[in-house]
Amino acid sequence: MEDLHKRAETLIEALPYIQQWTGKSIVVKYGGAAMTDPEMQGRVAQDVVLLRYVGIEVVVVHGGGNRITEMMDRLDMESEFVDGLRVTDADTMQVAQMVLVGEVNPQLVSLINAVGGRAVGLSGKDANTILCCKKQSTQGDLGFVGEIVRIDTEVIRALTEAGYIPVISSIGADTDGQSYNINADTVAGELAAALGACKLVTLSDVRGLLADPADPDTLISELTVNEAEALLSAGKVREGMIPKLESCVQAVRGGVDHAHLIDGRIPHALLMELFTDAGIGTMVNLE
Ligand code: ADP
Ligand code: MG
C-alpha cells in the first residue's frame, strides 16, 4: 500500500511539469552511453514516448560517434578529432553517413516505435532541413565538417504537429548537394533555438559539466551562459564537451529557457530531469 502511495505521489509530482510543457517542444540530444547500450537505448525510447504522450513535442537528435569509430576501425581507417570534432575526409564522410543515416537512425526509430511511439527518421538533408557550408578552423582543414547556415523547421513542425516524433541524424548538405558531417550537439542546439523549444536536454556519458574533467565529483550543477563562455575561452572545457557546452549557450541565447547536460548512464535520466523536483546534471541558464 505504502509503495502504491509513493507511486501516486511521484505521478502527482510530475503534474505541474506536464502542465508547463504540454504543447511545447523539447529537443533531446541522444549520445554517449545511452546510445551504445541496447538496454539504455530502450529506456530512453520509453522516456521519449512518455513525453510525447503527455503532449510534449519531442524532437530527437542523435549522435553516433562511437559507432562511426567502430566502423572505421573495421575498415582500417584512422579517426582523428580536433576540439571534439571529427576530421572528415571524403571516405570518412561516406562512412559517417552510412552509419548515422543507414544504421543508427533506423535503429532508434524502431526502438521508439516498439514502445508505442510514432517516430520518423530524417537527416538534415530531408526537405533541406539543414543547409550548411564547410566549417573553417584555425587548426587546419577539417574536411567535410559542416557549419550550419540555416535550419528550415517546416517538415519537423509538420511532423510534431501531427503527433510524430522526428528523429534526426546530424548530416546536412550545402547548396550544391555536397554532404557534411555536423556535430550532433551543434545541430541539437541550433534546432532547439529554431523551434523555439523550451528545453534542450543532452544525454551523454558524463554526469554533466565538470570543473575538473578528470574528477566526477566536480559537477557544476548550474551556470549562466556568460560563465559557460568564460570556461570555454579559458580552455577549461575539452574535447566533446566543447561543442556540447557551446550548443547549450547557442540554444539559451537563441531563446530556449534552459539547456541541460545529463548523465545518460542513469536509467530514465530524462524523466528524472524533466518531471521531478530534483534536477540532475548541469543546467545552463541565461542569467
Ligand atoms: P557524446 O557522444 O555524448 O557527444 P563526447 O565524447 O563527444 O560524447 O563528449 C563527452 C566527453 O567530453 C566526456 O566523456 C568527457 O570525456 C569529455 N570532457 C571534456 N571536458 C569535460 C568537462 N569539463 N566536463 C565533462 N566532460 C568533459
Ligand atoms: Mg560528441
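In listed order, ligands and their atoms are each counted from 1.
- Remark: of the listed residues T202, T224, L245, L209, L245 is the sole one forming a side chain to side chain contact (heavy atoms under 4.5 Å, CB included) with V284.
- With a 4.0 Å cut-off on non-hydrogen atoms, L210 touches ligand 1 through its backbone as well as its side chain.
- Ligand 1 is approached by G208 to a heavy-atom distance shorter than 4.0 Å.
- For the pair Y30 (side chain) and Q41 (backbone), a donor-acceptor distance under 3.5 Å is present.
- Taking every non-hydrogen atom of S204 and a distance limit under 4.0 Å, the qualifying atoms of ligand 1 come out as 1 (P), 3 (O), 8 (O), 10 (C).
- Here K29 has side-chain heavy atoms under 4.0 Å from ligand 1, and that is the only part of it that gets that close.
- Residue-environment remark: CD (Q139) exceeds the threshold of 12 foreign heavy atoms within 6.0 Å.
- Linking Ile, Leu, Val, Met, Phe, Trp and Tyr residues whenever their side-chain heavy atoms come within less than 4.5 Å leaves L122 and V101 in two separate clusters.
- Heavy-atom proximity to D205, at under 4.0 Å, picks out these atoms of ligand 1: 13 (C), 14 (O).
- Residue contacts with ligand 1: K244 is placed with a nitrogen or oxygen under 3.5 Å of a nitrogen or oxygen of the ligand (distance criterion only).
- Between Y180 and F144, the ring-plane angle classifies as perpendicular under the 30° and 60° cut-offs.
- Residue R238 has at least one heavy-atom neighbour below 4.0 Å for each of these atoms of ligand 1: 18 (N), 19 (C), 20 (N).
- Within a 6.0 Å radius of CD in Q20, other residues, nucleotides and ligands contribute more than 12 heavy atoms.
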